[in-house]
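What follows is a single structure, written as structure tokens, with notes after it.
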Amino acid sequence: MLTLERLRPDHADALLAFERENRRYFARSVPDRGDAYFTEFAARHRALLAEQDAGVCRFHLVLDRHGVLVGRVNLVDIADGCAELGYRIGERAAGRGLATAAVGEVCRLAAEEYRLSALTAVTTLDNPASQAVLRRNGFTAVEDLRVGGRPGRRFRRRLGDET
């Protein structure tokens, strides 16, 4: 149904096109990345790859069964066996279970390959679809907070016991 590919230098053009195509769609439910993200994308992409090489983050592209980029799922701020999960599925692929599947797959990778023991994730309260994805993947709400000035919630999932 889907494949996760670890971020590589040759993904830059497809990733930038994906982010541009979905900018307005994403801004409906998460804070916008701002114009600088797009104008400085090449440097940002190189910086992400350097962070990944240093082991601080793990970035993945979500590809559908035809190999088309439909989303991203990332683990950032890896430290002490924990990381923060972030994900986004493009508008054309939304509503087909891809976010749930991609989060499930990155949870498996986090436990088995990256040897992490827990993940956290944050979403806005006005994004019930994202909250459902997290709950379907074994995350539980642990804290209310603000996300880009909007009410939000932090979720947590322990890893390893189920693998």
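FYI, side chains are in, hydrogens and waters are out, and symmetry mates aren't considered; it's all heavy atoms of this structure. Residue numbers run from 1 in the order of the sequence given.
- At least one donor-acceptor pair closer than 3.5 Å links the side chain of Gln131 to the backbone N or O of Leu125.
- No donor-acceptor pair closer than 3.5 Å links the side chain of Asn22 to the backbone N or O of Phe26.
- The closest side-chain heavy-atom distance from Arg92 to Val68 is not below 4.5 Å.
- Side-chain contact between Leu4 and Val62 is present, with heavy atoms from C-beta onward closer than 4.5 Å.
- For the side chain to side chain contact (heavy atoms under 4.5 Å, CB included) criterion with Leu85, the lone passing option out of Asn74, Leu134, Thr120 is Leu134.
- Residue Asp126 qualifies as enclosed at atom CG: its count of foreign heavy atoms under 6.0 Å is above 12.
- Using a cutoff of 4.0 Å between basic side-chain nitrogens and carboxylate oxygens, Arg6 and Glu113 are not scored as salt-bridged.
- Panel note: side chain Tyr87, backbone Ser130; a donor-acceptor pair is recorded below 3.5 Å.
- The two residues Glu112 and Arg115 make their nearest non-hydrogen contact at O-NH1, 2.8 Å.
- The number of heavy atoms from other shown groups lying within 6.0 Å of CZ (Arg146) is above 12.
- Contact between Leu16 and Phe38 at its shortest, heavy atoms only, is CD1-CD2, 4.0 Å.
- Using a distance-only test at 3.5 Å, with no hydrogens or angles considered, a donor-acceptor pair links the side chain of Arg157 to the main chain of Asn137.
- Between Leu109 atom CG and Arg58 atom CZ the span is 10.0 Å, to the nearest 0.5 Å.
- Summarising the geometry, atom CG belonging to Leu119 is positioned 4.5 Å from atom CG belonging to Leu159; distances are rounded to the nearest 0.5 Å.
- One hydrophobic cluster, built from ILVMFWY side chains closer than 4.5 Å, holds both Phe139 and Tyr114.
- Of all heavy-atom pairs between Ala83 and Leu116, the closest is CB-CD1, 3.8 Å.
- Looking at every heavy atom in both residues, Ala118 comes nearest to Arg156 through CB-NH2, 3.4 Å.
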- request: Could you check Ile78 against Glu51 for side-chain contact (heavy atoms from CB on, under 4.5 Å), going step by step and ending with a plain yes or no?
  value: CA-CA 10 Å; Ile78 297 171; Glu51 287 181 46; over 6 Å; no
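- The CD atom of Glu21 lies 8.5 Å from the CD atom of Glu91; values are rounded to the nearest 0.5 Å.
- No chain of hydrophobic side-chain contacts below 4.5 Å, direct or via other Ile, Leu, Val, Met, Phe, Trp or Tyr residues, connects Val56 to Phe59.
- Cluster membership check: Val133 does not share its hydrophobic cluster with Val142, using side-chain heavy-atom separations under 4.5 Å among Ile, Leu, Val, Met, Phe, Trp and Tyr.
- In summary, Arg72 and Glu19 engage in a salt bridge, as defined by a charged side-chain N under 4.0 Å from a carboxylate O.
- Between the side chain of His45 and the backbone N or O of Arg8, at least one donor-acceptor pair lies under 3.5 Å.
- Note: Leu75 CG to Cys57 SG = 8.5 Å, rounded to the nearest 0.5 Å.
- Annotation for Ser117 and Cys82: closest pair OG-SG, 4.4 Å, computed over non-hydrogen atoms.
- For Arg150 against Arg28, the heavy-atom pair with the smallest separation is NH2-O, 3.4 Å.
- Hydrophobic clustering keeps Val103 apart from Val147 (ILVMFWY residues linked when any side-chain heavy atoms are closer than 4.5 Å, directly or through intermediates).
- Tracing side-chain contacts under 4.5 Å through hydrophobic residues (I, L, V, M, F, W, Y), one never reaches Phe155 starting from Val122; they form parts of separate clusters.
- Between Arg44 and Glu40 no salt bridge is recorded (no basic side-chain N to carboxylate O distance below 4.0 Å).
- Side chain of Gln52 to backbone of Leu7: a donor-acceptor contact under 3.5 angstrom is found.
- Between Arg65 and Val70 there is no side-chain heavy-atom pair separated by less than 4.5 Å.
- Under a cut-off of 6.0 angstrom, the local environment of CG in Asp80 is sparse, with at most 12 non-hydrogen atoms contributed by other residues, nucleotides or ligands.
- The closest side-chain heavy-atom distance from Asp144 to Pro151 is not below 4.5 Å.
- Ring-plane geometry between Phe41 and Tyr37 is classed as perpendicular, the angle between the planes exceeding 60 degrees on a 0 to 90 degree scale with a lower cut at 30.
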